[in-house]
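This report refers to the structure that appears directly beneath it.
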Amino acid sequence: MTALKVVSSKFASEIDQELMGSKVGFTLQQLMELAGFSVAQTIQREYPLEQNKNKNEVLIIVGPGNNGGDGLVCARHLKLFGYNPIVYYPIRSKRTPFYGQLVNQLEFFQVPILTEEQSTKWVDYLKPEKTLCIVDAIFGFSFKPPIREPFGSIVAEMHKVEDKIPIVAVDIPTGWDVDEGPVAEPHTTPRVLVSLTVPKPCSKFIKPERTAHYVGGRFIPNHFAEKYGFEPFPYQGTDQVLKL
Ligand SMILES: NC(=O)C1=CN([C@@H]2O[C@H](COP(=O)(O)OP(=O)(O)OC[C@H]3O[C@@H](n4cnc5c(N)ncnc54)[C@H](O)[C@@H]3O)[C@@H](O)[C@H]2O)[C@@H](O)CC1
Ligand SMILES: [K+]
């Protein structure tokens, strides 16, 4: 058990900017690949296929920003791990051509992405007998409540099924205020939270008996963590995630 250390939404975005600034020089693509990979690795730890013989579907709900991008990457890795990911991507980002490339990769990997027509019936893809978990890649640390449509209705539907089908939240449980936690409706309560780089303050509101907490996105050196005032996480070996 590691002492929980958090950074505010303001620091989280500063960390991002510094990593992708001219001095350090990471690209968004590099960080997103590791972030999405770490979410897929967490799912493999929490819901191994060997222990879930008749279930292999994972519904990945993808939002319009970088949190959504992490979800697209996660879907590709899950497919490689032997899962059957299905992607629901209601508002496709045009922010950079990179999102289109991630979608092309999913098509290449034969990962289904719900069409506009299928999207109206996306809840039909939530089947407790088949769906291992839902990946909440809707919003991350740039979310500001109140939630706008169509995501308000989507989150309300997720909340209805969350006791039957576990939700794995990427970085922030969607609907939660990044610093204040589950203060607004609608919101979901995940079974698993994967904090990226370092947990955000809202993670203090998760209940350990309900939600397993992992940190992933293993891409910063120890001196950088210390500069932002948090202890480096003791990842083991080649692991991309650490259960807190
Ligand atoms: N260093 C890191 O930790 C990394 C973070 N990444 C991911 O990037 C995320 C942050 O990405 P972004 O800054 O793109 O932001 P988000 O993905 O959190 O969300 C931004 C999008 O949400 C919309 N939005 C915000 N509030 C809304 C509301 N109330 N209703 C409806 N739409 C709303 C915005 O218009 C924008 O399109 C992180 O949480 C993490 O998942 C990774 O992709 C890369 C590395
Ligand atoms: K999320």
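Just follow the structure's listing: the first ligand is 1, and inside any ligand the first atom is 1. Residues take their numbers from the sequence shown, with the count starting at 1.
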Would you mind reporting whether [Y] and [X] have side-chain heavy atoms less than 4.5 Å apart?
X    : Y    : answer
L106 : L72  : yes
K200 : F11  : no
V192 : T211 : no
V135 : I167 : no

When distances are taken from atom 18 (O) of ligand 1, the protein heavy atom at minimum range is G140 N, 2.6 Å

Looking only at the side chains, is there a donor atom on one of S195 and H213 sitting less than 3.5 Å from an acceptor on the other? yes

Report whether any nitrogen, oxygen or sulfur of [X] sits less than 3.4 Å from the K ion (ligand 2) (N, O or S, backbone or side chain).
X    : result
D171 : no
P173 : no
F139 : yes
V170 : yes

State if [X] counts as touching ligand 1 under the rule of any non-hydrogen atom under 4.0 Å.
X    : value
I147 : yes
G69  : no
D16  : yes

Where the closest heavy atom to [atom] is concerned, which of [options] has it?
atom                    : options            : value
atom 20 (C) of ligand 1 : S142, A12, G216    : S142
atom 24 (N) of ligand 1 : F139, F141, F26    : F139
atom 42 (C) of ligand 1 : L72, N66, L31, D70 : D70

Side-chain heavy atoms under 4.5 angstrom apart, residues restricted to Ile, Leu, Val, Met, Phe, Trp, Tyr: same cluster for M32 and Y214? yes

Ligand 1-proximal atoms of A137, by part, heavy-atom distance under 4.0 Å: neither

Salt-bridge contact K204-E180 (side-chain N to carboxylate O under 4.0 Å): no

How are the rings of F37 and H77 set to each other: parallel, tilted or perpendicular (split at 30° and 60°)? tilted

